[in-house]
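Okay, structure first, notes after.
Below, chains carry the letters A, B, ... as their sequence lines are ordered, and counting in each starts from 1.
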Amino acid sequence: KAGVTQTPRYLIKTRGQQVTLSCSPISGHRSVSWYQQTPGQGLQFLFEYFSETQRNKGNFPGRFSGRQFSNSRSEMNVSTLELGDSALYLCASSLVGAAYEQYFGPGTRLTVT
Amino acid sequence: DAKTTQPPSMDCAEGRAANLPCNHSTISGNEYVYWYRQIHSQGPQYIIHGLKNNETNEMASLIITEDRKSSTLILPHATLRDTAVYYCIVRVPRDNYGQNFVFGPGTRLSVLP
């Protein structure tokens, strides 16, 4: 079974631009979560989607948004990029059910210049 | 979710068992213990999780103390490829509120030749 895939793997953007990252979950997984990882803050939860609805959200500004499609694929968008948005963005998927583990993709490395 | 405490770093000789401790003294009765690891610049990899009983899979064993206030992840025969940051996470199953994991700084395990 294929794992979680994320595209693109690497991205360089300029301050003020916007960016869209894509995530395809493991087949059959309907919950998709996004995380940001930086050297200073570590791994931080952004938001989680299930059945095209955002169920849970971390403490990030409104410039960070996401959506999920009917096939469970998800995208996240960051508008008006800042230098501090440079990070590894990770997507994770899981089965629906309280104790299920999440499986992570390889991440998208975003560099803002 | 209960907080966890892990040593910041550990060394282990190749071929020997690596025993990674985690303290979760404030754990409640319905919280699970999860272990993930992250090899440099890759997405976190799920290892194992448990509630009360000890668990074993092809990657590792999880030993949870009877009072559930601490646990140990055991890699029975560590290899150089096990060098990674290991995260211990305690989490309440709450599917109706969505899935997210809170990652602390973890333990940096270095497997030495």
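Using a 4.5 Å cut-off between heavy atoms, Gln38(B) contacts chain A through its side chain alone, with no backbone atom that close. Looking at Leu43(A), the atoms closer than 4.5 Å to chain B (heavy atoms on both sides) sit in the backbone and in the side chain alike. Using a 4.5 Å cut-off between heavy atoms, Pro105(B) makes no contact with chain A at all.
Donor-acceptor pairing under 3.5 Å is lacking for the side chains of Gln41(A) and Thr38(A). No hydrogens or angles considered: a donor-acceptor pair under 3.5 Å links the side chains of Gln102(A) and Tyr35(A).
Distance check, rounded to the nearest 0.5 Å: CD of Glu101(A) to OH of Tyr34(B) gives 7.0 Å. Annotation: the span from Asn77(A) atom CG to Gln18(A) atom CD amounts to 4.5 Å, rounded to 0.5 Å.
Residues Arg73(A) and Cys23(A) approach most closely at CG-O, 3.0 Å, considering heavy atoms. Here the closest non-hydrogen pair linking Gly104(B) and Tyr87(B) is O-CE2, 3.0 Å. The nearest pair of heavy atoms linking Trp34(A) to Ser74(A) is NE1-OG, 2.9 Å. Across Gly43(B) and Leu90(A), no two heavy atoms sit closer than the pair CA-CD2, 3.6 Å.
Contact count versus chain B (heavy atoms, under 4.5 Å) is highest, among Gln54(A), Gln37(A), Gln44(A), for Gln37(A).
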Identify every side-chain donor-acceptor pair in residues 58-67 of chain B under 3.5 Å, counting partners at least two apart or on other chains, and give the distances.
residue  : atom : partner  : partner atom : Å
Ser61(B) : OG   : Thr56(B) : OG1          : 3.0
Thr65(B) : OG1  : Asp67(B) : OD1          : 2.8
Thr65(B) : OG1  : Arg68(B) : N            : 3.4
Thr65(B) : OG1  : Lys69(B) : N            : 3.4
Thr65(B) : OG1  : Ser70(B) : N            : 3.4
Thr65(B) : OG1  : Ser70(B) : O            : 3.1
Asp67(B) : OD1  : Lys69(B) : N            : 3.0

Side chains of residues 73-84 of chain B: which donor-acceptor partners sit under 3.5 Å, not counting sequence neighbours?
residue  : atom : partner   : partner atom : Å
Thr79(B) : OG1  : Arg81(B)  : N            : 3.3
Asp82(B) : OD1  : Arg37(B)  : NH1          : 2.7
Asp82(B) : OD2  : Thr79(B)  : N            : 2.9
Thr83(B) : OG1  : Leu80(B)  : O            : 3.2
Thr83(B) : OG1  : Val111(B) : N            : 3.0

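Residues Phe47(A) and Tyr49(A) bring their aromatic ring centres within 6.0 Å.
For residues 59-71 of chain A, a heavy-atom distance under 4.5 Å to chain B picks out no residue at all. Within residues 103-113 of chain A, the residues approaching chain B closer than 4.5 Å by heavy atoms are, in numerical order, Tyr103(A), Phe104(A), Gly105(A), Pro106(A), Arg109(A).
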